[in-house]
Amino acid sequence: FLYCSIIRVRVKEVTDKMDWNIRKFEDLNNKELYDILRLRNQVFIVEQNCPYEDCDNRDKDAYHLFLENNEEIIAYLRILKRGVSYEEVSIGRVVVDKKYRRKDIARNMMVKAIDFIERSLKEREIRISAQAYLVNFYKSFGFKEVSEPYLEDNIPHIEMFYSRVI
């Protein structure tokens, strides 16, 4: 399927009341944008006790993949085009609300993101900066470690690379 500004996919494996959405920045409404920023701040700044500048101007050129449950955003990630963070497409700001963790939502979200990148963006390579404790999670999708651990915002990270085999 080709890229469209709004894609809705029902997720039966979690609950019928949840909807996956992917939107470009200009297609987000005010409530969605606020809820995305609130979730990211709640987890990355408050929960992880890591003050950093979340609004980095990259959101404006990103695709925003998120899961809504009864109009509440409970999971989110952003997809950045080639040349924004790396030479390759990248995935970042992967987050799931604390109440919804350990339900395979992050796994489903990554599958949807990789599928969107490969099918709609027609890209085969993805580079990420993964928090070190999540390396095995990303390896399960085919990402490989391509750097030594480094600190990003005082949290250990490892650069990882994915390439779809044809």
Side-chain angles (χ1 to χ4, degrees), residues 1-9 20-45 48 50-68 73 75-96 105-166:
F1 64 111
L2 296 176
Y3 159 75
C4 65
S5 64
I6 301 172
I7 299 172
R8 286 187 170 263
V9 180
W20 286 104
N21 299 279
I22 188 159
R23 303 195 203 293
K24 293 175 91 175
F25 181 80
E26 59 268 17
D27 295 324
L28 293 169
N29 65 42
N30 290 340
K31 182 185 180 313
E32 289 167 339
L33 180 58
Y34 177 85
D35 289 349
I36 287 167
L37 294 174
R38 182 199 55 75
L39 178 61
R40 288 181 1 188
N41 280 262
Q42 177 64 41
V43 174
F44 297 129
I45 296 172
Q48 294 184 350
C50 179
Y52 78 105
E53 190 171 350
D54 183 39
C55 295
D56 58 4
N57 284 317
R58 293 178 179 166
D59 289 318
K60 295 175 185 176
D61 294 317
Y63 294 95
H64 303 271
L65 174 62
F66 56 96
L67 179 61
E68 286 183 292
I73 294 177
Y76 168 86
L77 63 72
R78 72 179 180 185
I79 299 167
L80 300 173
K81 298 177 196 172
R82 279 198 284 164
V84 176
S85 288
Y86 302 104
E87 288 182 24
E88 303 84 8
V89 169
S90 63
I91 297 171
R93 302 291 202 266
V94 180
V95 61
V96 176
I105 291 173
R107 178 163 302 286
N108 289 324
M109 185 165 55
M110 284 298 297
V111 167
K112 290 177 186 318
I114 292 168
D115 184 65
F116 175 77
I117 290 166
E118 292 178 346
R119 291 177 184 247
S120 296
L121 300 182
K122 306 289 188 222
E123 296 285 351
R124 293 181 41 234
E125 298 176 329
I126 306 167
R127 190 172 299 267
I128 62 172
S129 177
Q131 290 189 5
Y133 81 96
L134 291 168
V135 164
N136 288 332
F137 171 74
Y138 291 113
K139 280 183 176 180
S140 73
F141 300 102
F143 284 89
K144 295 182 178 11
E145 297 175 56
V146 293
S147 78
E148 294 298 318
Y150 58 92
L151 288 180
E152 182 176 311
D153 298 315
N154 233 11
I155 295 176
H157 281 71
I158 295 176
E159 193 171 305
M160 300 186 79
F161 181 76
Y162 168 93
S163 182
R164 187 183 82 185
V165 180
I166 297 178

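Heavy atoms only: backbone and side chains are in, while hydrogens, waters and symmetry mates are out.
Between the CD atom of Glu32 and the CZ atom of Phe66 there is a distance of 4.0 Å, given to the nearest 0.5 Å. To the nearest 0.5 Å, atom CG of residue Asn29 and atom OH of residue Tyr34 are 14.0 Å apart. The distance from the CD1 atom of Ile128 to the OH atom of Tyr86 is 8.5 Å, given to the nearest 0.5 Å. How far CG of Leu28 is from CG of Leu33: 6.0 Å, rounded to the nearest 0.5 Å. One finds the CE atom of Met110 at 15.0 Å from the CD1 atom of Ile105 (value rounded to the nearest 0.5 Å).
Here the closest non-hydrogen pair linking Ser85 and Leu80 is OG-CD1, 3.3 Å. The two residues Arg38 and Ile73 have their closest heavy-atom pair at NH2-O, 3.9 Å. A pairwise comparison of heavy atoms in Ala75 and Val96 identifies CB-CG2, 4.0 Å as the closest pair. Contact detail for Leu151 and Pro156: the closest heavy-atom pair is CD2-N, 3.7 Å. The nearest pair of heavy atoms linking Ile158 to Pro149 is CG1-CA, 3.9 Å.
A distance of 6.0 Å or more separates the ring centres of Phe137 and Tyr133.
A salt bridge links Arg93 with Asp56; the closest basic N to acidic carboxylate O contact falls under 4.0 Å. No salt bridge links Glu118 with Arg124; every basic N to acidic carboxylate O contact stays at or beyond 4.0 Å.
With hydrogens and angles ignored, the 3.5 Å screen pairs a side-chain donor or acceptor of Asn41 with a backbone N or O of Leu37. Not a single donor-acceptor pair under 3.5 Å links the side chain of Ser120 to the backbone N or O of Ile117. Counting only distance, with no hydrogens or angles, the side chain of His64 and the backbone of Asp59 share a donor-acceptor pair below 3.5 Å.
Counting heavy atoms from C-beta outward, Ser90 and Val84 have side chains that stay 4.5 Å or more apart. Within the 4.5 Å cutoff, side-chain heavy atoms of Phe161 are placed close to those of Glu88. At least one side-chain heavy atom of Arg78 sits under 4.5 Å from a side-chain heavy atom of Arg40. For the pair His157/Ser129, a side-chain contact is recorded, criterion being any heavy-atom separation below 4.5 Å from C-beta on. A 4.5 Å side-chain heavy-atom check between Leu65 and Lys112 finds at least one atom pair inside the cut-off. Two residues are said to be in side-chain contact when any heavy atoms from C-beta on lie closer than 4.5 Å; Glu68 and Trp20 fail this criterion. Counting only heavy atoms from C-beta outward, the side chains of Met160 and Val146 never approach each other to under 4.5 Å. For the pair Phe25/Asp61, no side-chain contact is recorded, criterion being any heavy-atom separation below 4.5 Å from C-beta on.
By the salt bridge (charged side-chain N to carboxylate O under 4.0 Å, His left out) test, Glu145 is found to be paired with Lys139, residues two or more places apart in sequence or in another chain being considered. Applying the side-chain contact (heavy atoms from CB on, under 4.5 Å) criterion to Arg82, with sequence neighbours excluded, gives Val89, Glu123.
Relative orientation of the Phe143 and Tyr138 rings is perpendicular, given thresholds of 30° and 60° on the angle between their planes.
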Task: Verdict with supporting geometry, Arg107 and Ser140, side-chain contact (heavy atoms from CB on, under 4.5 Å) - done: CA-CA 9 Å; Arg107 178 163 302 286; Ser140 73; 3.0 Å; yes
- [ ] With side-chain contact (heavy atoms from CB on, under 4.5 Å) as the test, would you mind laying out the steps for Ile22 and Ile79 before giving the verdict?
- [x] CA-CA 10 Å; Ile22 188 159; Ile79 299 167; 4.0 Å; yes
Open item on the list: Apply side-chain contact (heavy atoms from CB on, under 4.5 Å) to residues Ile114 and Ile126 and explain how you reach the verdict.
Closed with: CA-CA 8 Å; Ile114 292 168; Ile126 306 167; 4.0 Å; yes
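Surrounding CG of Asn30 are at most 12 heavy atoms belonging to other residues, nucleotides or ligands under 6.0 Å away. In Tyr150, the OH atom is crowded: over 12 heavy atoms of neighbouring residues, nucleotides or ligands sit closer than 6.0 Å.
Side-chain contact, Tyr63 with Arg23: no donor N or O sits under 3.5 Å from an acceptor N or O.
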